[in-house]
Amino acid sequence: MTRLLAGDDLLARAEAALAVALPDALGVEFVDPHAPLDGVVLPVAGLAVTPAATAHAAALGAAIELAGYLAVLPTLTSAQHAVTHQISTQYLRPAPAGRRVRVVGKLSRRARELAFVAVTASLEEAPDRPVALSQLTKSIVGAI
C-alpha cells in the first residue's frame, strides 16, 4: 500500500503550496506554521484591496483554493495532487481593508478520484460571521 502524506512530507507539500506566486504575492500565511491544516490567513492589504477598501474576490479566491487543497492534503500520497475542477463561492459580506481573513477548509468526502471540500472565510475577530462560503470539488491526479 502506498503511504499517505504525513509529518515532514505533509508540511513540505503544504509549504510548497503556500509558496506559489499568487498566495505569496498576496501575503497569505498559515494560521499556525506547524499545523498547516488549520488553514490560512489573508491580510486585506496591498494587492488584495479593491478601490472600495474591501477584500478583492480574486484574492479571497486564492486563499479559498489554498485552504481547500490543504484540507485534502493528508489523503494524498507523495505521487498524487488535487486540482480544482469545480468551485462555487458565495460572498456574504465585505472584509474591510486592514483586517485579516481566516480561511479554513474541511474535507467533506474523499472518493478514489474526487474530493469534496467546504471552505469558510471569516474575519479573524468574527469567526461566527463568514465573509465567504465555498464548495470545491477536487480531482485527484497522479498515481494511486
Practice task
Can you spot which of R129, R102, R100 makes a salt bridge (charged side-chain N to carboxylate O under 4.0 Å, His left out) with E124?
Solution key: R100

Problem - Backbone of S78 reached by a side-chain donor or acceptor of R13 within 3.5 Å - result: yes

Practice task
May I ask you to test the V104-T120 pair for a side-chain heavy-atom distance under 4.5 Å?
Solution key: no

Practice task
Check whether the side chains of T84 and E65 place a donor and an acceptor atom closer than 3.5 Å, and report yes or no.
Solution key: yes

Exercise for the section: Might you point out which heavy atoms bring A62 and L26 nearest each other, and give the distance in Å? Expected result: CB-CD1, 3.8 Å

Practice task
Return yes when atom CD of E125 has more than 12 non-hydrogen atoms of other residues, nucleotides or ligands closer than 6.0 Å, and no otherwise.
Solution key: yes

Exercise for the section: For residues P43 and G27, report the shortest heavy-atom separation together with the two atoms involved. Expected result: CD-O, 3.3 Å

Handout entry: Close side-chain approach of I140 to L114, heavy-atom, < 4.5 Å
Key = no

Problem - Beyond-backbone contact of V72 with V117, side-chain heavy atoms, under 4.5 angstrom - result: yes

Completion exercise
Distance col, row L47:CG vs L22:CG, nearest 0.5 angstrom, shows 8.5 Å

Exercise for the section: Following the transitive rule for hydrophobic clusters with a side-chain heavy-atom cut-off under 4.5 Å over Ile, Leu, Val, Met, Phe, Trp and Tyr, establish whether V103 and L18 coincide in one cluster. Expected result: yes

Exercise for the section: Quick one: pull up CD1 in I64 and OH in Y91 and give me the separation to the nearest 0.5 Å. Expected result: 5.0 Å

Handout entry: Heavy-atom side-chain proximity of E15 to L10 below 4.5 angstrom
Key = no

Problem - Verify same cluster id: L123, V49 (apolar side-chain graph, 4.5 Å) - result: yes

Problem - Non-neighbouring partners of S122 that pass side chain to side chain donor-acceptor pair (under 3.5 Å), sequence neighbours left out - result: none

Practice task
Could you tell me which residues satisfy side chain to side chain contact (heavy atoms under 4.5 Å, CB included) with S108, sequence neighbours excluded, listed by chain and number?
Solution key: F116, A118

Fill in the blank from the handout: Separation between CG (L73) and NE2 (H81), nearest 0.5 Å, reads 10.0 Å

Exercise for the section: Kindly work out whether a path of hydrophobic side-chain contacts (I/L/V/M/F/W/Y, heavy atoms less than 4.5 Å apart) joins L11 to L37. Expected result: no

Handout entry: Interatomic distance, Q90 atom CD to Q135 atom CD [nearest 0.5 angstrom]
Key = 9.0 Å

Exercise for the section: Establish, from distance only, whether the side-chain atoms of S139 and H85 form a donor-acceptor pair under 3.5 Å. Expected result: yes

Handout entry: Non-hydrogen side-chain atoms of V28 and L66 separated by less than 4.5 Å
Key = yes

Handout entry: Chi angles and distances behind the side-chain contact (heavy atoms from CB on, under 4.5 Å) call for V101, L60
Key = CA-CA 8 Å; V101 178; L60 278 171; 3.9 Å; yes

Handout entry: Any side-chain heavy-atom pair of P74 and L76 under 4.5 Å
Key = no

Problem - Nearest heavy atoms of A17 and P23, plus distance in Å - result: O-CG, 4.2 Å

Practice task
Rounded to the nearest 0.5 Å, what's the gap from OG1 on T54 to CZ on R99? Could you check?
Solution key: 12.0 Å

Exercise for the section: Would you mind reporting whether L70 and V40 have side-chain heavy atoms less than 4.5 Å apart? Expected result: yes

Problem - Distance-minimising heavy-atom pair for V119 and G105 - result: CG2-CA, 3.9 Å

Exercise for the section: Search all heavy atoms of S134 against all heavy atoms of T89 and return the closest pair with its distance. Expected result: OG-OG1, 2.7 Å

Completion exercise
Smallest heavy-atom separation, K138 atom then G68 atom, equals CE-C, 3.7 Å

Handout entry: Interatomic spacing from CG in L133 to CG in L92 - rounded to 0.5 Å
Key = 4.5 Å

Problem - Any donor-acceptor N/O pair, R3 side chain to L5 backbone, under 3.5 Å - result: no

